[in-house]
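In what follows, every heavy atom counts, from backbone to side chain, and hydrogens, waters and symmetry copies are set aside. Only a predicted model underlies this, so the values are computations on that prediction, with no experimental measurement involved. Remember, it's 1-based here, ligands and their atoms both numbered in the order they're listed.
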Amino acid sequence: MQRILPHLSRLHDAAGRFSHWLFPERCRACAAPGAPLCAGCFGDWPRLPAERCSYCALPLLDNGDCLVCSVEAPAYDHVHTPFIYAEPLNTAIIAWKFQQRLDWTRPLADAWASAWGGHPPSRPDALLPVPLHRQRLRERGYNQSMLLARRWGNRWKIPVIPGALQRRRNTGHQLGLSAAARRDNLDAAFILRRHVPDHVAIVDDVLTTGTTAAQIASTLRDAGVQRIDIWVLARVL
Ligand SMILES: [Zn+2]
Ligand SMILES: [Zn+2]
């Protein structure tokens with residue numbers, strides 16, 4: 001087997017070159033030949049300014065904490081994202097998530113990595129993709145956060161722990177609960193099913209309100225996790 005492996009890998013390379021010759025790579029956004037995302041389209045993606053909230057990455061006039069995070073710090077440490085969820089990036093994310101355009105995984109994940117200069121924005125010991133509801137996973141057939149985590153994990157040699165988090169179906173009615181009980185009910189929207197290291201990054205596609213990130217982070221904090229980063233493709237403003 002050891003002796004066959006190099007031959008197999010050469011064969012694989014040759015097959016890759018042949019299919020590349022048959023079907024040359026094109027930019028997913030503008031169809032220009034060359035790379036899965038051309039420099040022009042990459043440059044068009046809206047960037048978050050450097051001055052932002054140290055927790056939730058909300059753009060600010062200066063670096064510091066936003067009003068919401070300074071009143072009550074979220075359970076996570078930092079949101080890391082270079083992009084704003086807006087045109088034309090959101091069109092790409094929508095096609096990738098909702099129109100089975102899995103060919104977007106590579107350009108999206110790699111553009112995110114390039115935006116940090118090819119280095120990871122932090123050095124977590126594990127990546128935890130946000131799980132999809134079972135029903136949604138069945139309909140879609142893939143979990144986009146898992147695809148991102150795999151790509152980044154491979155690139156930076158960070159283990160991905162797929163089944164670490166589980167979404168709990170929220171069957172409890174919110175009505176009639178006190179504010180504290182309602183919060184507890186939401187906090188327990190995720191269950192930690194595996195042991196995870198002290199420093200982890202939760203991987204998600206888009207940070208919308210930050211509720212999901214905060215819910216997962218509080219579950220992880222309860223389990224004793226020390227540092228929790230959020231790696232997301234883009235942030236809604
Ligand atoms: Zn392009
Ligand atoms: Zn904030």
**Distance-only polar pair, side chains of Thr105 and Trp96, donor-acceptor under 3.5 Å** = yes
**Complete:** Here the vertex angle at the Zn ion (ligand 1) for SG of Cys38 and SG of Cys30, given to 10°, is 110°
**Request:** For residues Trp116 and His80, report the shortest heavy-atom separation together with the two atoms involved.
**Result:** CZ2-C, 3.9 Å
**Angle in degrees, rounded to 10°, that SG of Cys69 and SG of Cys66 form at the Zn ion (ligand 2)** = 100°
**Ring geometry between Tyr55 and His78 (parallel below 30°, tilted from 30 to 60°, perpendicular above 60°)** = parallel
**Asked** Any idea which heavy atoms bring Leu37 and Trp45 closest together, and the distance?
**Response** CD2-CH2, 3.7 Å
**Complete:** Between Cys53 atom SG and Cys56 atom SG, the angle centred on the Zn ion (ligand 2) rounds (to 10°) to 110°
